[in-house]
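Inspection log for the structure reproduced underneath, given as C-alpha cells.
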Amino acid sequence: MKTISVSIIGFGAVGQGVAKVLVDKKEYLENLGLDFKVVAVADSRTAAIDENGVDLNAVLSRKQDEGVVGSEKLTGLEIIETIDHDVVVETTPTNIVTGGVGLQNMLAAFKHGRDVVTSNKGPLAMKYGELMEAASEGGSNFKYEATVGGAMPVLNLAKDVLAGNSITNVEGIFNGTCNYILTRMMEEHASYEQMLAEAQELGYAETDPTYDVEGIDTACKLVILANCVFGMNATHEDVTVSGITRITPEALLLAQNEGYVIKLIGEVNDSRINVAPKLVPIDHPLAVGGSLNVASVQTDLSGPITVTGRGAGSVETASAILSDMISIYRD
Ligand code: HSE
C-alpha cells in the first residue's frame with residue numbers, strides 16, 4: 001500500500017466534495033494500492049491538522065454545524081509551507097484579478113516540491129506559464145482537470161486519451177450556470193433574474209456570479225484549454241467575450257420557433273479564443289440542457305469527439321480531482 005499525505009486547502013463545496021469522496025472511495029482506493037491520508041484541512045478561517053490522518057467525517061460535520069473545519073489558526077499557505085506532505089488539493093475560490101490565495105498556495109507548494117491537484121481556474125487563467133515553470137522546477141506533478149467542465153473530462157481527454165491526434169478546435173458549453181439560466185428561461189418563460197437566483201441556490205454559480213453570466217468563467221476555461229491543449233501562452237485578455245445578460249425570453253422564444261436554442265458557446269483553436277451566445281440547432285450535439293456542459297473536440301485522426309457531463313457541483317468536481325490524484329500515484 002502506498003500512503004500519500006494530502007492537504008485540502010479550501011473547504012467550500014469542492015473541498016468538502018473531495019473529503020466526501022475520499023471517505024466513500026477508501027476501499028476502492030485501497031484496492032488500487034493507494035491510501036490518501038489527509039494530514040491538514042483548511043478553510044478561510046481555521047484548520048484541522050493531524051499527522052496520523054484527520055477524521056474527515058468529523059471535519060465535514062463541524063463545517064456543516066459550526067461553519068469551520070477546526071480550531072487551529074494556521075492558514076492554507078502556512079500549512080503548505082510548514083507541514084510535510086505530498087500533495088496539495090487546492091480548492092480555494094477563483095480570483096481572476098490577482099490569482100488570489102490560490103496562486104500563492106500553488107507557487108508555495110511547488111517551492112516545497114509538493115504535487116498540486118486543483119479546481120481553481122484563476123491562477124491557471126492568469127499565470128499559466130509561471131505555474132508550469134514553478135511545477136517543473138519543484139519536480140512536482142500538476143493536474144487540473146477539474147478546472148474545465150467539472151466532472152466532464154476534457155483536458156485529459158484531449159491530452160492523454162486522444163494522444164496521437166492533433167486537436168484542431170474545441171467548442172462547447174463550459175458554464176453550467178449560463179446553460180441552466182438559458183434552458184430554464186426558454187422552458188419556463190421565466191425572467192433572467194429569477195433563474196440566476198435559482199442557479200445560485202443550486203450552488204452552480206461562482207461566488208461572484210458576474211463571472212458566469214458575463215462569460216468570464218467560460219473565458220478562463222478556454223484560456224486553460226488554449227494553453228494546455230494548443231500550447232499557447234494565453235491569458236483571459238486574449239479572449240473576445242460577450243455574456244448572456246442581454247438575452248431576453250422573447251429572443252429565446254423566437255429562436256425556439258425556428259428550431260434553435262441559444263447557448264453560450266466557447267470556442268478555441270490556434271487562431272482565436274471566443275465566447276459568445278450562439279444559435280444552435282435544437283438537435284445538434286451541443287444543444288444540451290440544464291446545467292450540463294458539453295465539449296466537442298475536433299481531431300485530425302478521429303474526427304469530432306463530443307463529451308457531455310456535469311460541469312459544476314461538489315462531488316462531481318471532486319470526481320475530477322480524485323481521478324487526477326489517482327493518475328499521479330497509481331503508476
Ligand atoms: N460557476 C461554474 C459553472 C462552476 O457554472 O459552470 C464550475 O466551474
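Counting starts at 1 for both ligands and their atoms, following the listed order. Sequence positions, counted from 1, serve as the residue numbers for this chain.
- Under 3.5 Å, the side chains of Thr92 and Glu90 contain a donor-acceptor pair of N or O atoms.
- Nearest to atom 4 (C) of ligand 1 by heavy-atom distance, out of Arg310, Glu206, Glu316, is Glu206.
- The contact set between ligand 1 and Asn175, taken as ligand atoms under 4.0 Å from a residue heavy atom, comprises 2 (C), 3 (C), 5 (O), 6 (O).
- Less than 4.0 angstrom separates some heavy atom of Gly311 from each of these atoms of ligand 1: 7 (C).
- Taking a cut-off of under 4.0 Å to the non-hydrogen atoms of Tyr204, the atoms of ligand 1 that pass are 1 (N), 2 (C), 3 (C), 4 (C), 5 (O).
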key: salt bridge (charged side-chain N to carboxylate O under 4.0 Å, His left out) assessment of Glu171 paired with Lys278   = CA-CA 12 Å; Glu171 70 173 335; Lys278 288 191 182 157; 5.1 Å; no
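- Here the side chains of Glu130 and Leu107 are in contact, with some heavy-atom distance below 4.5 Å.
- With sequence neighbours excluded, the residues forming a salt bridge (Lys or Arg N to Asp or Glu O under 4.0 Å) with Asp84 are Arg114, listed by chain and number.
- Remark: ligand 1 atoms within the under-4.0 Å shell around heavy atoms of Lys221 are 2 (C), 6 (O), 7 (C), 8 (O).
- The shortest N or O to N or O distance between Lys121 and ligand 1 is under 3.5 Å.
- The atoms of ligand 1 that sit less than 4.0 Å from any heavy atom of Asp212 are 1 (N), 2 (C), 3 (C), 5 (O).
- In this view, Tyr260 satisfies the ring-ring contact (aromatic ring centres under 6.0 Å, His included) rule with no residue, not counting sequence neighbours.
- Of all the listed residues (Gly313, Ser291, Gly176), Gly176 holds the heavy atom that lies closest to atom 6 (O) of ligand 1.
- Asp86 and Ser5 share a donor-acceptor pair across their side chains, judged by distance under 3.5 Å alone.
- Both the backbone and the side chain of Thr177 come within contact range of ligand 1, each with a heavy atom under 4.0 Å.
- Within the 4.5 Å cutoff, the side chain of Ile83 has heavy atoms near those of the Leu74 side chain.
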